[in-house]
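Naming: A, B, ... by sequence-line order, numbering from 1 per chain. Everything quoted here is computed from the prediction, not taken from an experiment.
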There are 2 protein chains.
Amino acid sequence: MGDLEVRQLRYFVAVAEELHFTRAADRLGMAQPPLSRAIRELERQLGVRLLDRTTRQVSLTPAGEALLRDARVALDAVTAAARHARHAAEPEPRLRLALKADYDAGLLPRILAAYEEQPAAIPVDLLLGGRGEQAPALRDGRADVALLPAPFDDRGVEFEPLLTEPRLVALAATDPLAARDQVCLADLAGRLLPDGAPADHGDPQPGSAAVAAQRALADSPRMDLAQIFNLIELGRIVWFPPVSVARRHPRPDITYRPVSDLAPSTLVVAWPRDSRSAAVAAMVRAAVAVAAVVPAGPDEQAAMTAAARSRRAAGSPG
Amino acid sequence: MGDLEVRQLRYFVAVAEELHFTRAADRLGMAQPPLSRAIRELERQLGVRLLDRTTRQVSLTPAGEALLRDARVALDAVTAAARHARHAAEPEPRLRLALKADYDAGLLPRILAAYEEQPAAIPVDLLLGGRGEQAPALRDGRADVALLPAPFDDRGVEFEPLLTEPRLVALAATDPLAARDQVCLADLAGRLLPDGAPADHGDPQPGSAAVAAQRALADSPRMDLAQIFNLIELGRIVWFPPVSVARRHPRPDITYRPVSDLAPSTLVVAWPRDSRSAAVAAMVRAAVAVAAVVPAGPDEQAAMTAAARSRRAAGSPG
DNA sequence: CCCGATTGATACCGTCGAGGTATGGGTGAC
DNA sequence: GTCACCCATACCTCGACGGTATCAATCGGG
């Protein structure tokens with residue numbers, strides 16, 4: 001009945017993600033036998049089987065799936081506690097704003113300017129990260145506030161929409177589709193992605209080959225924009241940047257075209273739930289105020305804004 | 001730079017709450033020297049001073065206060081992970097509904113009946129707890145869903161209001177105020193509370209002597225309703241039950257009177273954020289449906305309901 | 001002003017468990 | 001059938017966690 005320990009949760013998450021004791025042990029920088037023993041001990045403490053293992057296959061039991069979900073958030077909470085304690089000790093506080101380079105829809109300078117007008121403003125550190133890194137950074141305390149495109153994994157995070165803009169598809173100028181004024185997703189089905197999988201139609205779904213390729217494409221530190229453009233010119237990948245991102249990257253050999261049936265991208269400002277920081281609230285206010293002077297989007301944006309506003313009214317910065 | 005461990009956080013929380021190493025060690029069931037060393041090691045790992053200690057006084061630094069806040073939620077998250085894993089392994093799942101006895105406003109039988117009509121219904125366990133225990137139970141996984149009066153500590157918890165009802169004051173029948181049709185909080189100022197502190201006017205505030213006395217009164221396992229009524233008859237304490245609670249306890253020597261300027265009590269149904277359980281969603285639906293057939297309260301209830309509804313729309317059970 | 005009580009820090013020690021290495025054993029691939 | 005792969009077991013070492021004894025500093029009382 002003793003409490004779990006962080007180390008046990010880290011070990012379990014590694015094994016549950018790898019579904020492979022040896023690889024997990026390697027990732028953890030330890031040998032496999034102690035890891036096996038630790039998992040066994042964890043199962044004994046919980047009185048529950050977490051993994052079904054044969055000598056050739058490791059799979060999660062329902063209890064293991066539940067623990068994997070919760071262990072991730074628990075580990076983030078512990079990491080956030082440590083980070084916040086270190087941060088609170090700094091003599092002069094700073095606001096850490098996480099965002100993905102170029103995906104601020106051009107609002108960043110105005111937002112920062114508006115922020116500095118606020119009485120609660122403190123110096124801002126910018127944390128540039130890849131797609132999908134902002135929300136985890138909020139959860140584990142690396143960042144205090146973030147600008148990022150929705151949808152994202154908003155567990156433990158509150159957000160407020162700023163603006164919604166359509167996404168385009170980037171095509172090689174020589175691509176037959178580039179001659180058309182507009183394309184639809186079906187036109188792009190079958191396109192090869194970097195890993196050799198055909199492009200799925202529809203918005204990338206979590207777990208699909210398409211989203212995996214999109215992530216490998218847009219997130220990997222190994223692939224920068226130049227590489228993306230090269231692959232686009234070769235017709236090897238599909239890429240759906242918001243118009244503001246496309247506008248920042250005019251290139252002679254790349255043509256951007258509207259996609260008729262592609263969901264638009266919504267930029268949001270997000271912060272950790274239970275943030276009690278006046279500086280975060282000031283940044284949220286500044287971002288919302290700046291976005292308000294931009295032409296408003298369609299009904300979808302209005303609905304999301306209302307939802308987030310009432311959520312925020314229930315006791316959080318704003 | 002190594003990760004924190006759960007044990008370290010438990011130790012720190014104990015010391016931070018007691019502000020006394022010896023008492024904290026006693027509470028933790030260990031000797032004081034290892035505890036001092038563990039805290040020192042924690043401070044070394046974080047590179048931050050958490051406690052200012054003289055030989056006669058221990059106090060929290062700002063970093064310590066930040067860590068205390070976060071450590072509590074992190075420990076709850078770890079506990080919840082363990083509980084959810086154990087729970088998920090049970091062959092036939094059960095729904096654990098936490099509530100405070102008598103504070104269901106008489107809706108519980110109808111809610112349970114409506115719940116059992118739902119297709120996702122599973123057997124329900126009732127967890128009766130004192131005031132303020134329901135929300136922590138949701139956070140650390142002891143309960144899946146709760147009925148409780150707002151306001152409460154809603155960190156990590158979502159909720160939906162069910163109904164709002166006025167609160168009364170319970171007076172000894174012989175009390176001069178009992179002769180009046182209605183009293184106001186100022187009339188009650190100065191009344192002695194169990195710990196000898198005078199009753200504060202206004203709604204109890206967290207940290208005030210009044211709220212401490214209210215808690216000692218209503219929550220302590222040592223004091224049951226009979227004791228409460230005895231103290232009321234002696235004029236020693238003030239108690240503000242919602243009308244539905246008062247109606248359940250008619251007593252010849254106790255008189256209930258409206259309080260003109262006392263905020264009403266709102267019963268809500270609450271569940272952990274990120275709950276993915278269909279059974280929880282079904283219980284929430286059942287509770288809302290039952291409450292909807294009860295005469296609606298004033299604008300306050302309408303506003304809260306709208307807020308919670310849009311919050312729920314952003315991706316949670318419902 | 002000194003003495004004792006209180007309380008956190010230090011010193012030292014024993015034990016338990018975390019992690020390493022070597023090896024066994026079972027399963028799927030060819 | 002043989003080989004490679006991979007999880008489990010056995011055994012060992014060492015570090016750290018916790019306990020006891022003691023010191024040091026501070027506050028209160030006579």
### Query
Does the side chain of Ser36(B) get closer than 4.0 angstrom to OP1 or OP2 of dG8(C) through an N or O atom?
no

### Task
For Arg44(B) and dC17(D), give me the distance from atom CZ to atom P, rounded to whole Å.
11 Å

### Query
Atom CZ of Phe21(B) and atom C1' of dA25(D): how far apart are they, to the nearest Å?
15 Å

### Message
What is the separation between atom CG on Leu35(A) and atom P on dA8(D), rounded to the nearest whole Å?
### Response
9 Å

### Task
Provide, to the nearest angstrom, the distance between the CG atom belonging to Asp26(A) and the P atom belonging to dC7(D).
12 Å

#### Entry: Distance-only donor-acceptor test, Glu41(B) side-chain atoms vs dA16(D) base atoms, 3.5 Å
no

### Message
With rounding to the nearest 0.5 angstrom, report the CG to CG distance, Leu42(B) to Leu9(B).
### Response
7.0 Å

### Query
How many Å lie between CD1 on Ile39(B) and C1' on dC17(D), as a whole number?
14 Å

### Message
I need the CD-P distance between Gln32(A) and dG19(C), as an integer number of Å.
### Response
14 Å

### Query
Which is true for Gln57(A) with a 4.0 Å heavy-atom rule: it touches a base, it touches only sugar-phosphate, or it touches nothing?
nothing

### Query
Which nucleotide in the set dT7(C), dG19(C), dC6(D) lies at the smallest distance from any side-chain heavy atom of His20(A)?
dC6(D)

### Query
Partners of Phe152(A) by ring pair (Phe, Tyr, Trp, His ring centres under 6.0 Å), sequence neighbours excluded?
Phe159(A)

### Message
A side-chain contact here means heavy atoms from C-beta on lying under 4.5 Å apart; do Arg69(B) and His84(A) qualify?
### Response
no

### Message
It should be established whether Arg53(B) places a side-chain nitrogen or oxygen under 4.0 Å from OP1 or OP2 of nucleotide dA9(C).
### Response
yes

### Task
Quick one: do Arg94(A) and Asp144(A) satisfy salt bridge (charged side-chain N to carboxylate O under 4.0 Å, His left out)? Show the steps, please.
CA-CA 9 Å; Arg94(A) 303 183 69 81; Asp144(A) 302 306; over 6 Å; no

### Query
Taking Arg139(A) for the side chain and Arg155(A) for the main chain, is one N or O donor matched with an acceptor at less than 3.5 Å?
yes

### Message
Can you tell me if Thr54(B) touches the phosphate of dA25(D), counting only side-chain N or O atoms and a distance under 4.0 Å to OP1 or OP2?
### Response
no

### Query
Of Met30(B) and Pro34(A), whose nearest nucleotide on DNA chain D comes first from the 5' end?
Pro34(A)

### Task
To the nearest Å, give me how far apart CG (Leu19(A)) and P (dC7(D)) are.
10 Å

### Query
Using a cut-off of 4.0 Å on non-hydrogen atoms, how would the nucleic acid contact of Arg7(B) be classed: base, sugar-phosphate, or nothing?
sugar-phosphate

### Message
Without decimals, in angstroms, what is the distance between Arg37(B) CZ and dC13(C) P?
### Response
14 Å

#### Entry: Phosphate-side-chain proximity, Arg40(B) and dT10(C), N/O vs OP1/OP2 below 4.0 Å
yes

